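Worksheet: the structure to be examined is printed underneath.
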Amino acid sequence: MKHALPYCSQRRTVSAYRPIAWMSHHTVRASALAWDWNEKDKLKASLMNEPDRWSRPRISPEAFDAQCQAAGLPADDAATVSEFLRKAQSGRRLAPRWYRNFKFQYDYDPVV
């Protein structure tokens, strides 16, 4: 089952949501719509290792939450993921237990 995200007119907005589509796709295959600890750790690691990818000018927590739900994540997982983003954007440190050096392989356009 593939989850396609709606394409927006701005390329940077679309590329910001690719990791969520990827994680949602792998989650659906692996555990029937419930995020495992490893998907959460990968997202935490990406939030810490790639701050430019997740910066506020690129993506807002509200839009992120809406895209998570549109990708098929359950409301509680979407809220958890959005909370991770809010914490990272406010300067707090997220501590993944594993996958500490994880970065998404998707390219993104940094905001200048």
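Start at 1 with the first residue, then count along the sequence. Everything numeric in this text was worked out from a predicted model, so none of it was measured.
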Can you tell if the side chain of [X] reaches within under 4.5 Å of the side chain of [Y], non-hydrogen atoms only?
X: Arg53; Y: Ser46; result: yes
X: Lys87; Y: Leu47; result: no
X: Leu73; Y: Gln69; result: no
X: Asn38; Y: Trp98; result: no

Subject >> Verdict with reasoning, Asp77 to Lys40, per side-chain contact (heavy atoms from CB on, under 4.5 Å) >> reply: CA-CA 9 Å; Asp77 284 338; Lys40 292 177 183 177; 4.2 Å; yes

Subject >> Polar side-chain atom of Asp41 near backbone of Tyr99 as donor-acceptor pair, under 3.5 Å >> reply: no

Closest approach of [X] and [Y], non-hydrogen atoms and distance?
X: Leu94; Y: Ala88; value: CD1-CB, 4.2 Å
X: Phe84; Y: Lys44; value: CZ-CE, 3.4 Å
X: Met48; Y: Arg93; value: SD-CA, 3.9 Å

Subject >> Those residues that, when tested against Arg56, pass side-chain contact (heavy atoms from CB on, under 4.5 Å) (two or more places apart) >> reply: Ser60, Pro61, Glu62, Gln89

Subject >> Ring geometry between Trp54 and Phe64 (parallel below 30°, tilted from 30 to 60°, perpendicular above 60°) >> reply: perpendicular

Original post:
Is it true that atom CG of Asn101 has more than 12 heavy atoms of other residues, nucleotides or ligands lying nearer than 6.0 Å?
Top reply: no

